[in-house]
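Note sheet for the following structure.
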Amino acid sequence: MVTLFETTDAEAAHQMLVSIYGAMRFSCTGERRRARVARHVVGPIELHHNTFTMHFQVDADPFRRVTMGRVLGGSFSYRCGAEQCDNEPGDIFMLAHPDTPYQSINIDVDLEFAVIDPALLAQVADTDRGRGAEPFRFTGYHPISAQTARLWGTTFDFVRDNVADTPAALEPLLAGNAARLLLATALATFPSNVSHEPTIEDRRDAHPVTLRRAVAFIDANAHRDISPADVATAAHVTIRTLQLAFRRHLDTTPGAYLRRVRLEHAHRDLLDADPATTTVGAVAARWGFASHSRFTAHYHEVYGQLPSDTLRHR
């Protein structure tokens, strides 16, 4: 679903920004004053594409959301506390921490970015070092490396092109998977307080009982939009313990196991479906597979035939 707003009136642009991003002071100079904001909903997150043909400054209150993306054109500079960030086309950025006010200077800027509720990051992040609760937070505004910056751009493009504003966005499993893919990529791209190394407790708790609990939960709930945090909670462990248990006992990951279970459901659906009324794409989307080509390749690897052949088998 896309929401589009366009105006050539500076005051209308200001009110639009306030309605979406919260309270802010806004000043604009020059004669050219065009603003366009496109918002796509992908499960629990939003993808925004903002184009401003104008020079304007913003002094904003905390947004209470995590905002990260890239500059497509123009000049985009902002200050968060003592941190000054100057961005040019091609740069990957994180705008501000959710509880931090910021100021920005925008010159004919063209941006695309994700807007994320910080609570969602708990679905893929594990910050509880030594079993002590520690709220998740990013600790920097720039990608860790050029490689992670490219990863963010590639993942954003994939979600935008294959899910956002397509029928796929209406499929709960697919939209949820796409959102968590972007969340996980954000964790890999920007510095944070997430601990990636298992603790002594994680290693101790990654035993077969943990694996059995997790597998039972996934098997029973594969039709639902479940997250790593959901599986870890059901198994009474941390996300790191969950990952270690799957790696230690099955040589795989919780996500890969969940995809395999969903692939089995898709296989059964294709066997039972009427090819006159069902498509491979519809079955793939129902079970959370965004890319038709990747689904086909994975399916062929596991079942030795194309999903279209299975569908016509009836």
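Taken from CG in L111 to CZ in F93, the straight-line distance is 5.0 Å, to the nearest 0.5 Å. The OG1 atom of T100 sits 5.0 Å away from the OH atom of Y141 when rounded to the nearest 0.5 Å. Atom NE2 in H40 sits 12.0 Å away from atom CD1 in I45 (nearest 0.5 Å). Distance check: L263 CG to L258 CG gives 11.0 Å after rounding to the nearest 0.5 Å. Distance check, rounded to the nearest 0.5 Å: CZ of R36 to CG of D110 gives 9.5 Å. Here R65 contributes atom CZ and I116 contributes atom CD1; the two are 11.0 Å apart, rounded to the nearest 0.5 Å.
Of the possible polar contacts, one joining the Y78 side chain to the M94 backbone as a donor-acceptor pair under 3.5 Å is found. A side-chain donor-acceptor contact under 3.5 Å links R248 to the backbone of A206. Between the side chain of T154 and the backbone N or O of L151 there is no donor-acceptor pair closer than 3.5 Å. Judged purely by atom type and a 3.5 angstrom limit, H207 uses its side chain to pair as donor or acceptor with the backbone of T210. Within the 3.5 Å criterion, the main-chain N or O of A216 finds no donor-acceptor partner in the side chain of D219. The main-chain N or O of G288 is found under 3.5 Å from a side-chain atom of N177 such that the two form a donor-acceptor pair. One N or O on the side chain of D9 and one on the backbone of A12 form a donor-acceptor pair closer than 3.5 Å. Counting only distance, with no hydrogens or angles, the side chain of R137 and the backbone of N193 share no donor-acceptor pair below 3.5 Å.
Applying the ring-ring contact (aromatic ring centres under 6.0 Å, His included) test to W287 and every residue at least two apart in sequence or in another chain returns H265. F217 meets the ring-ring contact (aromatic ring centres under 6.0 Å, His included) test with no other residue; sequence neighbours excluded.
Taking the side chain as every heavy atom from C-beta outward, L270 and Y299 approach each other to under 4.5 Å. Using a 4.5 Å heavy-atom cutoff, the side chains of L95 and F76 are in contact. Side-chain contact between L244 and R203 is present, with at least one heavy-atom pair separated by less than 4.5 Å. With contacts defined as side-chain heavy-atom distances shorter than 4.5 Å, the pair I239/V124 does not qualify. Side-chain atoms of S27 and F56, non-hydrogen and from C-beta on, never get closer than 4.5 Å to each other.
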Passes salt bridge (Lys or Arg N to Asp or Glu O under 4.0 Å), E171 versus R286? Steps please. CA-CA 6 Å; E171 294 288 347; R286 183 186 310 144; 5.8 Å; no
Please assess D59 against R79 for the test salt bridge (Lys or Arg N to Asp or Glu O under 4.0 Å), listing each intermediate value before the final yes or no. CA-CA 9 Å; D59 186 354; R79 176 178 291 278; over 6 Å; no
Check the pair Q84, S77 against side chain to side chain donor-acceptor pair (under 3.5 Å), reporting the backbone distance first and the verdict last. CA-CA 8 Å; Q84 174 70 34; S77 301; 4.7 Å; no
Report the C-alpha distance between H49 and L47 in whole Å, list the side-chain angles of each, state the deciding distance to 0.1 Å, and finish with yes or no for side chain to side chain contact (heavy atoms under 4.5 Å, CB included). CA-CA 7 Å; H49 186 177; L47 305 186; over 6 Å; no
Assess whether side chain to side chain contact (heavy atoms under 4.5 Å, CB included) is satisfied between T310 and Q305, documenting all intermediate values. CA-CA 7 Å; T310 303; Q305 63 178 176; 2.7 Å; yes
Full working for side chain to side chain contact (heavy atoms under 4.5 Å, CB included) between I20 and F5: CA-CA 11 Å; I20 299 174; F5 179 90; 5.9 Å; no
Go through the steps for V109 and N50 under the test side chain to side chain contact (heavy atoms under 4.5 Å, CB included), then give the verdict. CA-CA 8 Å; V109 69; N50 294 1; over 6 Å; no
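Annotation: E88, atom CD; neighbour count of heavy atoms from other residues, nucleotides and ligands within 6.0 Å does not exceed 12. Surrounding CG of D99 are more than 12 heavy atoms belonging to other residues, nucleotides or ligands, all under 6.0 Å away. Atom CD1 of I200 sits in a sparse spot, with 12 or fewer heavy atoms from other residues, nucleotides or ligands closer than 6.0 Å.
At a threshold of 4.5 Å between side-chain heavy atoms, the hydrophobic network of Ile, Leu, Val, Met, Phe, Trp and Tyr places F63 and F52 in one connected group. At a threshold of 4.5 Å between side-chain heavy atoms, the hydrophobic network of Ile, Leu, Val, Met, Phe, Trp and Tyr places W152 and L120 in one connected group. L211 is not connected to V209 by any chain of hydrophobic side-chain contacts under 4.5 Å among Ile, Leu, Val, Met, Phe, Trp and Tyr, and they are in different clusters. Hydrophobic cluster membership is shared by L311 and Y303, with clusters built from Ile, Leu, Val, Met, Phe, Trp and Tyr side chains linked at under 4.5 angstrom. Cluster membership check: V163 shares its hydrophobic cluster with L183, using side-chain heavy-atom separations under 4.5 Å among Ile, Leu, Val, Met, Phe, Trp and Tyr.
Nearest heavy atom pair, residue P275 against residue A273, reads CD-O, 3.5 Å. Nearest heavy atom pair, residue I144 against residue P191, reads CG1-N, 3.7 Å. For R213 against A235, the heavy-atom pair with the smallest separation is NH1-O, 3.5 Å. In terms of heavy atoms, G43 sits closest to A175 at N-CB, 3.6 Å. Scanning both residues, A222 and V261, for their nearest heavy atoms gives CB-CG1, 3.6 Å. The two residues G74 and P89 have their closest heavy-atom pair at O-CD, 3.3 Å.
Ring centroids of Y102 and H97 are separated by 6.0 Å or more, keeping the two rings apart.
Results of the salt bridge (Lys or Arg N to Asp or Glu O under 4.0 Å) test with D108 over R33, R32, R34 single out R32 as the only residue that passes.
A donor and an acceptor atom, one from each side chain of T199 and D202, are located under 3.5 Å apart. Under the 3.5 Å distance criterion, with hydrogens and angles disregarded, no donor-acceptor pair is assigned to the side chains of Y21 and T67. Side-chain N/O atoms of S104 and N106 include a donor and acceptor closer than 3.5 Å. With no hydrogens or angles considered, no side-chain donor-acceptor pair links T233 and D230 at under 3.5 Å.
Relative orientation of the Y257 and F246 rings is tilted, given thresholds of 30° and 60° on the angle between their planes. Ring-plane geometry between H298 and F289 is classed as perpendicular, the angle between the planes exceeding 60 degrees on a 0 to 90 degree scale with a lower cut at 30. Classified by interplanar angle (parallel below 30°, tilted 30° to 60°, perpendicular above 60°), the ring pair F113/H48 is tilted.
Electrostatic pairing of E112 and R160 counts as a salt bridge here, judged by a charged N lying under 4.0 Å from a carboxylate O.
A cation-pi contact links R294 to F158, judged by a cut-off of 6.0 Å to the six-membered ring centre and 45° from its axis.
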